[in-house]
2 protein chains.
Amino acid sequence: MPPTKAQTAGHPSDPKEAEVIDFDLIELFFFAYRDFTSDADHMLDRIGFGRAHHRILHFVNRRPGLTVAELLDVLQITKQSLARVLKQLIDTEHIMQVQGPKDRRQRELHPTAKGKALALQLAAPQSRRIARALATLGGNDRPLIERFLKEMVNQEHRNQVEVLGAGGASKEKNA
Amino acid sequence: MPPTKAQTAGHPSDPKEAEVIDFDLIELFFFAYRDFTSDADHMLDRIGFGRAHHRILHFVNRRPGLTVAELLDVLQITKQSLARVLKQLIDTEHIMQVQGPKDRRQRELHPTAKGKALALQLAAPQSRRIARALATLGGNDRPLIERFLKEMVNQEHRNQVEVLGAGGASKEKNA
DNA sequence: GAATTTGTGTCAACAAGGCTGACATAAATT
DNA sequence: AATTTATGTCAGCCTTGTTGACACAAATTC
């Protein structure tokens, strides 16, 4: 078994700046995310969509009825950026807009059946990849991975994370 | 404590397609990576560099002397894309090229002192974020996180991952 | 009720960082 | 001597992000 944390500390030329940089995990995180997104990227390519479409569709599917402002908040892009891609998703009938019930200026975004189907199709390989990775660990390590990923998120964005399973590990089933 | 895996299975309209999609982790991975990269992004902004510069500098710093072809392989972009950004890093003296000793057509890429310093500066907050996240877990969970991330990488890319600590958890110290 | 603010849409121009195709050059290989 | 390989470079295109400006209807405030 490998050492838990081979600090390799011992001969820092300047002990004061002997800050240990975890390049290994930094790099792994890069590779992991790169391949994680590649699954969906290839499928998107075939239908002429990009990663931007995926992100929008994902969140509309996850939080049906969210408003444009809320979506902008989650995606952290400008409304002009959103508009271009969202328009395509609406034109292709993956997403529909309905007037807000309380505030009629708002536009609630909802996935259509077609949109739900696509969101599911895109998520499937990503979910399988995660499941496979989890399977190689111990049996009960999913909560740990979830904790780790949550902790990687900025404090001020934790609210975006805890929309559903507020604190609890959970999966959801599809249609 | 939250349930380990609240499958919520029970009433799938079609049991055959009751594929469980792990939307929670998919989304968490997105948020985690977004905030993970934002650390460096802000610093880069100030010096007029982008994420592309960071990736190149990171790998040149990690694998000093790697060739252009090797770098292209790791980054998975075209040489034309690389050229534009790499040229800036060379012009600003963050990276230097030396002729390959064996094959004089090759250009070995090396970080300069300036380049190393910047790479370190950019990695520091990312490393701290990871360390903080790990600290909230049990004491010995770093190997597990490492395993998970490695498993998320495509089989055919595992060689890119295991350049250094082939199988073992390790950290490195800086200058 | 009039004035202001808010939520959304849209136009225009621009930048970063991907892409493809084509071509050049030097060095290695056949 | 001919070919292949490693790299560089020019030119143009696409996606997805940006800013700034303006429009309009609905909600809110004075």
Side-chain angles (χ1 to χ4, degrees), chain A residues 30 33-34 37-38 40-60 65-92 95-110, chain B residues 30 33-34 37-38 40-60 65-92 95-110:
Chain A
F30 165 76
Y33 193 75
R34 187 194 60 179
T37 54
S38 72
D41 283 349
H42 293 132
M43 309 179 69
L44 290 160
D45 236 35
R46 277 178 245 130
I47 56 177
F49 281 171
R51 202 177 288 184
H53 299 85
H54 188 188
R55 285 199 291 263
I56 293 172
L57 182 58
H58 168 89
F59 284 108
V60 169
L66 93 173
T67 66
V68 170
E70 287 165 349
L71 184 53
L72 288 175
D73 199 49
V74 170
L75 295 178
Q76 295 187 172
I77 55 174
T78 60
K79 67 174 171 175
Q80 295 94 326
S81 283
L82 174 64
R84 209 166 15 199
V85 183
L86 179 56
K87 197 171 189 311
Q88 298 178 57
L89 286 165
I90 290 169
D91 289 346
T92 54
I95 291 177
M96 13 171 294
Q97 292 179 306
V98 317
Q99 213 172 37
K102 307 266 172 188
D103 187 332
R104 292 179 314 181
R105 289 170 305 178
Q106 295 182 334
R107 301 279 181 264
E108 289 189 351
L109 302 172
H110 295 265
Chain B
F30 165 76
Y33 194 75
R34 186 193 61 179
T37 55
S38 72
D41 284 348
H42 293 131
M43 309 179 68
L44 289 160
D45 237 34
R46 278 178 244 130
I47 56 177
F49 282 171
R51 202 177 289 183
H53 300 83
H54 188 186
R55 286 197 292 260
I56 294 172
L57 181 58
H58 168 89
F59 283 109
V60 169
L66 92 173
T67 66
V68 170
E70 288 166 348
L71 183 53
L72 288 175
D73 199 49
V74 169
L75 295 178
Q76 293 187 175
I77 57 175
T78 60
K79 66 174 171 175
Q80 296 92 328
S81 285
L82 174 64
R84 211 166 14 197
V85 183
L86 178 57
K87 197 172 189 311
Q88 296 177 58
L89 286 166
I90 291 170
D91 289 347
T92 54
I95 291 178
M96 15 171 292
Q97 293 178 308
V98 316
Q99 214 171 37
K102 307 264 173 192
D103 188 332
R104 292 179 315 180
R105 289 170 304 178
Q106 295 183 335
R107 301 279 181 262
E108 289 190 351
L109 303 173
H110 294 267

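Labels below follow one simple rule: chain letters A, B, ... track the order of the sequence lines, proteins then strands, and each chain is numbered from 1.
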Margin query: Tell me the bend of the helix from dG1(C)-dC30(D) to dT30(C)-dA1(D) as the angle between end helix axes, each from five pairs, rounded to the nearest 10 degrees.
Written below: 20°
Margin query: Distance check needed: dT18(D) P versus Asp45(B) CG, whole Å only.
Written below: 11 Å
Checklist line | Partner set under side-chain hydrogen bond (donor to acceptor under 3.5 Å, both in side chains) for Gln80(A), not counting sequence neighbours | finding: none
Next item on the list: Identify, with sequence neighbours excluded, every residue that meets side-chain hydrogen bond (donor to acceptor under 3.5 Å, both in side chains) alongside His53(A).
Entry: Gln88(A)
Checklist line | Rounded interatomic separation in angstrom, taking CG from Asp91(B) and C1' from dT9(D) | finding: 14 Å
Item checked: Protein-nucleotide distance (Asp41(A), atom CG; dT16(D), atom C1'), rounded to Å -> 13 Å
Next item on the list: Flag the pair Leu109(A) / Phe59(A) as yes when at least one side-chain heavy-atom distance between them is below 4.5 Å, and no otherwise.
Entry: no
Margin query: I'd like to check Ile56(A) versus Ile95(A) (side-chain heavy atoms, cut-off strictly below 4.5 Å). Are they in contact?
Written below: yes
Note to self: So if I apply the side-chain contact (heavy atoms from CB on, under 4.5 Å) rule between Arg107(A) and each of Thr67(A), Val68(A), Ile90(A), Leu66(A), which one comes out positive?
What the structure shows: Val68(A)
Notebook entry, point to check: What string of B, S and - do you get for nucleotides 15-23 of chain C, 5' to 3', if B is base contact, S is sugar-phosphate-only contact and - is no contact with any protein heavy atom under 4.0 Å?
Noted result: --BBBBBB-
Next item on the list: With sequence neighbours excluded, tell me which residues meet salt bridge (charged side-chain N to carboxylate O under 4.0 Å, His left out) with Arg105(A).
Entry: Asp103(A)
Checklist line | Nucleic acid contacts of residues 96-105 of chain B, taken as heavy-atom distances under 4.0 Å to DNA chain D | finding: Gln97(B), Arg105(B)
Notebook entry, point to check: With side chains defined as the heavy atoms from C-beta onward, is the minimum distance between Thr92(A) and Phe49(A) less than 4.5 Å?
Noted result: yes
Margin query: Please enumerate all residues that pass salt bridge (charged side-chain N to carboxylate O under 4.0 Å, His left out) together with Arg84(B), with sequence neighbours excluded.
Written below: none
Margin query: Gln106(A): which residues meet the side-chain hydrogen bond (donor to acceptor under 3.5 Å, both in side chains) condition with it, sequence neighbours left out?
Written below: none
Margin query: The criterion is salt bridge (charged side-chain N to carboxylate O under 4.0 Å, His left out); which residues satisfy it with Asp41(A), sequence neighbours excluded?
Written below: Arg51(A)
Item checked: DNA chain C contacts among residues 65-75 of chain A, heavy-atom distance under 4.0 Å -> Thr67(A), Val68(A), Ala69(A)
Next item on the list: Please list, chain by chain and in numerical order, all residues satisfying side-chain hydrogen bond (donor to acceptor under 3.5 Å, both in side chains) with Gln97(A), sequence neighbours excluded.
Entry: none
Next item on the list: Mind listing the closest non-hydrogen atom pair of Glu108(A) and Pro101(A) along with its distance?
Entry: OE2-CD, 3.2 Å
Notebook entry, point to check: Within this structure, what is the NZ-to-P distance between Lys87(A) and dT8(C), rounded to whole angstrom?
Noted result: 17 Å
Note to self: I'd like to check the salt bridge (charged side-chain N to carboxylate O under 4.0 Å, His left out) partners of Asp91(A); sequence neighbours left out, ordered by chain and number.
What the structure shows: Lys87(A)
